[in-house]
Structure formats: structure tokens, C-alpha cells
Enquirer: 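Please find one structure pasted underneath; my questions will follow.
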Amino acid sequence: MNTLIQVSFALVTALIVGSAMMSVTVRNIIHAALWLIACFFGVGALYLLLEAEFIAVAQVLIYVGAISILILFAIMLTRQLETGRYMVTGWRLWVTSVICVTLFAAVLIPTLLSHRWNLPAPPAAGGSEQLIGPAELGRDVVFTYLLQFQVVGVLLTMALIGAIVIAFEERARRRRILTLAEEHTLQQLSTTRQAAPTPESEQPPAPSTTDRE
Amino acid sequence: MPNAIPLEALLAVAAALFCIGLFGALARRSMVGVLMGIELMLNAVNINLIAFWRYLTPSSTGGQTFVIFVITVAAAEAAVGLALVIAIYRAWQTSNIDEVDSLKG
């Protein structure tokens with residue numbers, strides 16, 4: 001049993017760390033979002049391994065179901081044709097890498113290895129541990145943590161209203177959003193114009209930037 | 001689970017995930033990439049909380065409740081952050097962080 005748990009822990013860890021690495025280093029931002037979804041699934045599997053079933057289901061529902069879709073939509077709404085460099089370069093990349101590697105190898109790992117955790121004594125052989133389940137969790141959320149629950153509800157409402165207000169666009173100021181093909185045409189147009197001035201008649205019609213209707 | 005895997009292994013996984021997320025948040029040049037790095041960091045924090053709950057206080061509901069609240073706040077943060085990204089894209093026609101520098105002195 002222990003070997004099975006260790007093997008699945010190793011697999012889940014490899015999935016989490018590998019897909020997180022891919023997610024921050026891959027060039028295409030949509031691929032990065034898909035790697036992020038894989039990473040969220042791995043974290044959910046880790047929660048299952050830790051016997052927090054409700055959290056695992058909530059992770060899959062909220063992160064994989066909602067936040068990833070939100071991220072994918074945001075990427076597609078703000079997609080640019082030629083993004084150029086997708087990561088910082090030069091000394092900024094070096095400083096960032098040094099900060100992250102130092103934080104991991106010189107601060108976090110020595111700290112958590114040197115600290116003596118106050119682990120409770122393991123249960124006697126045969127006796128099972130007292131683990132809380134979703135029933136206790138639900139009861140405590142609405143009794144013990146009632147105030148925090150209400151505050152989180154207000155926060156969610158405010159975030160929803162705030163997101164709508166921020167992303168709202170008045171109809172009068174609305175522009176037509178170009179498709180990627182139209183953007184490509186525009187870009188080719190500008191590059192050919194810079195390279196050699198072509199006659200006006202040969203240019204493809206530029207997409208109009210009038211109102212959407 | 002506590003017999004098979006030491007607590008330090010879980011904390012090391014969370015630390016690695018946090019550092020990877022920090023790298024993504026600092027090194028990416030697109031705003032959505034930065035938000036993705038922040039989500040990775042929040043996930044690392046949740047792994048820590050669940051690990052501590054499982055190993056130190058398995059009979060208390062505090063750890064799991066805290067994780068639920070963190071997930072909720074993360075969802076709110078993602079919604080507002082992505083709305084900001086879309087608003088900035090409308091105003092500047094860019095999703096690159098380095099080009100949004102009108103507050104720079």
C-alpha cells in the first residue's frame with residue numbers, strides 16, 4: 001500500500017512540476033494555458049492523495065472548469081499576431097532566474113528541512129485516524145466560520161460587479177475587432193509599404209474600423 | 001499517507017511550484033502569462049495548507065476551510081485581473097506589460 005502511494009505521489013509530482021515548468025517557459029501562450037490546466041489536474045490529484053476529497057473536487061471545478069476557461073478567453077480576446085519576445089531577456093532574465101533558484105535552494109528547502117515539525121504521534125496499529133469529511137466541513141463553514149463565509153460572499157459579488165464595470169465598453173466607443181487574417185493583411189500591407197511604395201490600386205482593401213453594427 | 005510520504009516532500013513540491021510560478025510572474029511579458037504565474041503560486045500555497053492539515057491537525061476543519069477561502073479569493077482575483085487585461089488591451093492595443101508604462105516617471 002505504501003509503495004503504491006509513493007509511486008502515485010512521484011507520478012503526480014512529476015506531472016505538477018513538469019507541466020508548471022512547461023507553462024512558464026513555452027512560447028505559445030495558449031499552449032501555456034493548456035499546460036496550466038494539466039498542472040491544476042495534478043494538484044487536484046495530490047489533494048485526492050492527501051485525502052481531501054472535497055478540496056480536490058472544488059479544485060477541478062473552480063480551477064480547471066472556471067479559471068482556465070477565463071484565462072483562455074482572455075488570451076483569445078487579447079491575442080496579438082506577432083508578439084515578438086515572449087519573455088524578458090538579458091540581465092532581467094538572469095536576475096529573475098537567480099531570485100527564483102535562490103529562493104528555492106537557499107531559503108525554502110533548508111528552512112523546511114531544518115525545522116522540526118510537531119507531528120502528532122501515529123495512530124496505533126488497527127486504530128484509524130480521525131479524518132474530517134465534507135459533512136463536518138460544511139457544518140463548520142456555516143457555523144464556526146459564518147462571518148468569514150459572509151465576507152467571502154460579499155467579496156465575490158464585488159469582484160463580479162467590478163469585473164463587469166472594468167471590462168464594460170460603451171456602445172458609442174465600440175470598435176470593430178479585427179480578425180487575425182485581417183490583422184495579418186494590415187501588417188503585410190505596412191511592411192510592403194515600408195519596403196517599396198506600391199501603387200494605391202494594388203493594395204487590398206483595409207478592413208474598416210467603424211462601428212460593429 | 002503520513003506513513004508513506006514525509007511532510008517535507010510535500011512542502012518541497014509546494015516550494016518548487018511556488019518558485020516556478022514566481023519565475024512565470026516575473027519573466028513573462030504578456031499580462032495573461034503573469035496572471036498564470038500568480039495562479040501557480042496560489043496553488044502552491046493551497047498544497048501547503050492541505051499538507052499541514054493532513055499531517056498536523058487532521059481532525060480539525062480549519063485547514064480545508066482556509067483552502068476553500070483561498071480558492072474563492074483566487075477566483076475573484078482572476079476575474080478582476082482578466083477584466084483589467086481586456087480593458088488595457090482596448091485602451092493600448094497591447095497585451096504586453098512592458099508597453100503599459102504611462103505611470104513611469
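Note that the structure is predicted; figures quoted are calculated from it, not measured.
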Enquirer: Check the pair A/Ile5, B/Asn3 against side-chain contact (heavy atoms from CB on, under 4.5 Å), reporting the backbone distance first and the verdict last.
Expert: CA-CA 10 Å; A/Ile5 291 179; B/Asn3 304 327; over 6 Å; no
Enquirer: Looking at every non-hydrogen atom in both residues, tell me the closest pair between B/Ala76 and A/Ala159 and how far apart they are.
Expert: CB-CB, 3.5 Å
Enquirer: Between A/Thr144 and B/Thr61, is any pair of side-chain heavy atoms under 4.5 Å apart?
Expert: no
Enquirer: Pick one of side chain, backbone, both or neither for A/Phe73, based on which atoms fall under 4.5 Å of a heavy atom in chain B.
Expert: neither
Enquirer: Begin from the C-alpha positions of A/Gln148 and B/Thr65 and carry the test side-chain contact (heavy atoms from CB on, under 4.5 Å) through to its verdict.
Expert: CA-CA 10 Å; A/Gln148 291 89 329; B/Thr65 316; over 6 Å; no
Enquirer: Output the distance between atom CD (A/Glu51) and atom CD1 (B/Ile50), rounded to the nearest 0.5 Å.
Expert: 11.5 Å
Enquirer: Surrounding CG of A/Asn118 (heavy atoms of other residues, nucleotides or ligands, distance under 6.0 Å), is the total greater than 12?
Expert: no
Enquirer: Grab the two heavy atoms, one from B/Ile71 and one from A/Tyr63, that are nearest each other, plus how far apart they are.
Expert: CG1-CE1, 4.0 Å
Enquirer: Report, as yes or no, whether the 6.0 Å neighbourhood of atom CZ on B/Phe66 holds more than 12 heavy atoms from other residues, nucleotides or ligands.
Expert: no
Enquirer: Quick one: of B/Ala78, B/Ala87, B/Ala15, who has the most non-hydrogen atom pairs under 4.5 Å with chain A?
Expert: B/Ala15
Enquirer: Can you tell me how far CD1 of B/Ile5 sits from CZ of A/Phe9, rounded to the nearest 0.5 angstrom?
Expert: 5.0 Å
Enquirer: Considering only heavy atoms and a distance below 4.5 Å, find which of B/Gly33, B/Ala51, B/Ser60 pairs most often with chain A.
Expert: B/Ser60
Enquirer: Between A/Leu156, A/Val17, A/Thr13, A/Ile67, who has the most heavy-atom pairs with chain B when the cutoff is under 4.5 Å?
Expert: A/Ile67
Enquirer: With a 4.5 angstrom heavy-atom cut-off, could you sort out which part of A/Leu119 is near chain B: side chain, backbone, both or neither?
Expert: both
Enquirer: side-chain contact (heavy atoms from CB on, under 4.5 Å) for B/Leu10 and A/Leu50? Distances and angles first, verdict last.
Expert: CA-CA 10 Å; B/Leu10 280 157; A/Leu50 283 165; 3.6 Å; yes
Enquirer: Do B/Asn46 and A/Gln59 pair up side chain to side chain, a donor and an acceptor below 3.5 Å, judged on atom types alone?
Expert: no
Enquirer: Checking B/Ala44 against chain A: side chain, backbone, both or neither under 4.5 Å from a heavy atom?
Expert: neither
Enquirer: At what distance, to the nearest 0.5 angstrom, does OH of A/Tyr47 lie from CZ of B/Arg54?
Expert: 15.0 Å
Enquirer: If you count heavy-atom pairs within less than 4.5 Å of chain B, which of A/Phe54, A/Tyr145, A/Phe40 leads?
Expert: A/Tyr145
Enquirer: Quick one, B/Thr72 and A/Phe149 - any side-chain contact, counting heavy atoms below 4.5 Å?
Expert: no
Enquirer: Mark yes when over 12 heavy atoms from residues, nucleotides or ligands other than A/Met87 sit less than 6.0 Å from its CE; otherwise mark no.
Expert: yes
Enquirer: Please flag which part of A/Ala52 lies under 4.5 Å from any non-hydrogen atom of chain B: side chain, backbone, both or neither.
Expert: both
Enquirer: Contact part of A/Ile132 toward chain B, heavy-atom cut-off under 4.5 Å: side chain, backbone, both or neither?
Expert: both
Enquirer: Side chain, backbone, both or neither: which part of A/Val12 has a non-hydrogen atom closer than 4.5 Å to chain B?
Expert: neither
Enquirer: Could you tell me whether the side chain of B/Arg28 and the main chain of A/Ile29 form a donor-acceptor pair under 3.5 Å?
Expert: no
Enquirer: Looking at A/Ile164, A/Ile109, A/Thr96, which has the largest count of heavy-atom pairs under 4.5 Å with chain B?
Expert: A/Thr96
Enquirer: So which of A/Val141, A/Thr25, A/Leu93, A/Ile71 has the biggest tally of heavy-atom pairs under 4.5 Å with chain B?
Expert: A/Ile71
Enquirer: Which atoms of A/Ile62 are under 4.5 Å from chain B, going by heavy atoms: the side chain, the backbone, both sets, or neither?
Expert: side chain
Enquirer: Between A/Ile166 and chain B, which part of the residue has a heavy atom less than 4.5 Å away: side chain, backbone, both or neither?
Expert: both
Enquirer: Identify which part of B/Leu35 has an atom lying under 4.5 Å from any heavy atom of chain A, answering side chain, backbone, both or neither.
Expert: neither
Enquirer: Mind ranking A/Asp140, A/Thr3, A/Leu108, A/Leu112 by heavy-atom pairs under 4.5 Å with chain B and telling me who comes out on top?
Expert: A/Leu112
Enquirer: Compare all side-chain heavy atoms of A/Leu137 with those of B/Ile68 and state whether any distance is below 4.5 angstrom.
Expert: yes
Enquirer: Do you know which of A/Leu155, A/Val152, A/Ile55, A/Leu113 has the most heavy-atom pairs with chain B at a distance under 4.5 angstrom?
Expert: A/Ile55
Enquirer: So how far is it from B/Gln64 CD to A/Glu136 CD, rounded to the nearest 0.5 Å?
Expert: 9.5 Å
Enquirer: Is there a donor-acceptor contact under 3.5 Å from the side chain of A/Gln6 to the main chain of B/Ala4?
Expert: yes
Enquirer: Given the options B/Asn43, B/Val32, B/Val13, which has more heavy-atom pairs under 4.5 Å with chain A than any of the others?
Expert: B/Asn43
Enquirer: Relative to chain A, which segment of B/Ala9 carries a heavy atom at a distance below 4.5 Å: side chain, backbone, both, or neither?
Expert: both
Enquirer: How are the rings of A/Trp117 and B/Phe52 set relative to one another: parallel (under 30°), tilted (30 to 60°) or perpendicular (over 60°)?
Expert: tilted
Enquirer: What's the spacing between A/Leu77 CG and B/Ile86 CD1 if we round to 0.5 Å?
Expert: 4.5 Å
Enquirer: Let me know if A/Thr89 has heavy atoms under 4.5 Å from chain B in its side chain, its backbone, both or neither.
Expert: neither
Enquirer: Less than 4.5 Å apart, any side-chain heavy atom of B/Asp98 and any of A/Arg92?
Expert: yes
Enquirer: Anything under 3.5 Å between a donor and an acceptor, one on a side chain of residues 16-26 of chain B, the other on a protein residue two or more places apart or in another chain? List them.
Expert:
none

Enquirer: What are the two closest heavy atoms between A/Ala33 and B/Met36, and how far apart are they?
Expert: N-CE, 3.7 Å
